Amino acid sequence: LDGGGLAELPKKVKGVLADPGALDTFGTCGTTAPDSKKFQAILCAHKHSWRAVAIIGLPQHARYLGGPADAAANDQCKTIAQDRAHGALQYSWSFQWPTADQWKDGRRFGFCWVPTSWPA
């Protein structure tokens, strides 16, 4: 995050993620929609317009990009976005697959992203 570098951590890290506001600081957010060429994942402490709100598992033997696993993950993410939209008729979401290299390394989950304001 933050340009590929490591984030500066507080001096005391024990229990830091248990704090109710921890994800507002250390969560994964984005500078724009994840499918944008200008997208950059950043810490939520920085100015952002999208937030990763869930991790969605993918089957171990799924085909990379597409097929039933893609449809199922996208449907899960859509449901999460719909719930977070609190009844808004227009809402956005984006399911982000792992990169090809991450997939080769065995990563079988992706991020569900929603904009930080509604409607989007």
Side-chain angles (χ1 to χ4, degrees):
L1 292 178
D2 291 352
L6 298 175
E8 187 174 323
L9 295 174
K11 291 182 184 194
K12 286 186 167 186
V13 294
K14 184 176 182 180
V16 72
L17 295 180
D19 183 286
L23 292 180
D24 291 333
T25 301
F26 297 108
T28 302
C29 287
T31 55
T32 188
D35 59 353
S36 168
K37 290 182 181 183
K38 294 184 178 190
F39 172 81
Q40 183 178 8
I42 58 172
L43 289 175
C44 292
H46 300 290
K47 184 178 177 184
H48 59 276
S49 59
W50 283 70
R51 179 184 289 257
V53 294
I55 294 172
I56 297 176
L58 298 163
Q60 192 65 29
H61 301 291
R63 182 178 63 158
Y64 183 64
L65 295 179
D70 189 32
N74 194 52
D75 285 348
Q76 275 185 269
C77 189
K78 179 181 178 183
T79 299
I80 291 166
Q82 199 171 36
D83 290 346
R84 293 179 67 92
H86 305 293
L89 297 178
Q90 292 183 348
Y91 55 93
S92 298
W93 74 94
S94 181
F95 177 71
Q96 183 185 38
W97 274 80
T99 65
D101 286 340
Q102 291 166 336
W103 187 263
K104 286 177 192 172
D105 288 342
R107 180 169 148 184
R108 296 297 185 268
F109 65 88
F111 292 105
C112 177
W113 293 86
V114 298
T116 55
S117 62
W118 301 97

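Just so it is clear, the model here is predicted, and its values are computed rather than measured.
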So do the side chains of Phe95 and Ile56 get within less than 4.5 Å of each other, counting heavy atoms only?
yes
Does the side chain of Ile42 reach to within under 4.5 Å of the side chain of Thr31, using non-hydrogen atoms?
yes
From Arg84 atom CZ to Cys112 atom SG, the distance as rounded to the nearest 0.5 Å:
8.5 Å
Linking I/L/V/M/F/W/Y whenever any side-chain heavy atoms sit under 4.5 Å apart, do Val13 and Leu23 land together?
no
Under 3.5 Å donor-acceptor, Gln102 side chain and Thr99 backbone
yes
Can you list every side-chain hydrogen bond (donor to acceptor under 3.5 Å, both in side chains) pair that touches residues 58-73, not counting sequence neighbours?
Asp70-Trp97
Quick check: do Leu17 and Phe26 have side-chain heavy atoms less than 4.5 Å from each other?
yes
Of all heavy-atom pairs between Asp19 and Gly21, which one has the smallest distance, and what is that distance?
OD1-N, 2.7 Å
Can you name the residues that form a side-chain hydrogen bond (donor to acceptor under 3.5 Å, both in side chains) with Asp24, not counting sequence neighbours?
Arg51
Sequence neighbours left out, what pairs pass salt bridge (Lys or Arg N to Asp or Glu O under 4.0 Å) with at least one residue falling in residues 99-114?
none
Evaluate side chain to side chain contact (heavy atoms under 4.5 Å, CB included) for Leu43 paired with Thr25, printing each intermediate quantity in order.
CA-CA 6 Å; Leu43 289 175; Thr25 301; over 6 Å; no
Passes side chain to side chain contact (heavy atoms under 4.5 Å, CB included), Thr116 versus His48? Steps please.
CA-CA 8 Å; Thr116 55; His48 59 276; 3.3 Å; yes
Taking C-beta and beyond as the side chain, do Asn74 and Trp93 meet within less than 4.5 Å on heavy atoms?
yes
4.5 Å side-chain heavy-atom contact, Lys12 and Val16:
no
Gln96: side-chain hydrogen bond (donor to acceptor under 3.5 Å, both in side chains) partners, not counting sequence neighbours:
Trp113
Selection residues 32-70 - residue pairs positive for disulfide bond (SG atoms under 2.5 Å apart), sequence neighbours left out
Cys29-Cys44
Any side-chain heavy atom of Pro98 sitting closer than 4.5 Å to one from Phe111?
no
Name all pairs fulfilling the salt bridge (Lys or Arg N to Asp or Glu O under 4.0 Å) condition that reach into residues 25-49, sequence neighbours left out, sorted by first residue then second.
none
Is any side-chain heavy atom of Leu58 closer than 4.5 Å to one of Trp103?
yes
What closest approach, in Å, do Ala81 and Ser92 show between heavy atoms, and which atom pair accounts for it?
CB-O, 3.8 Å
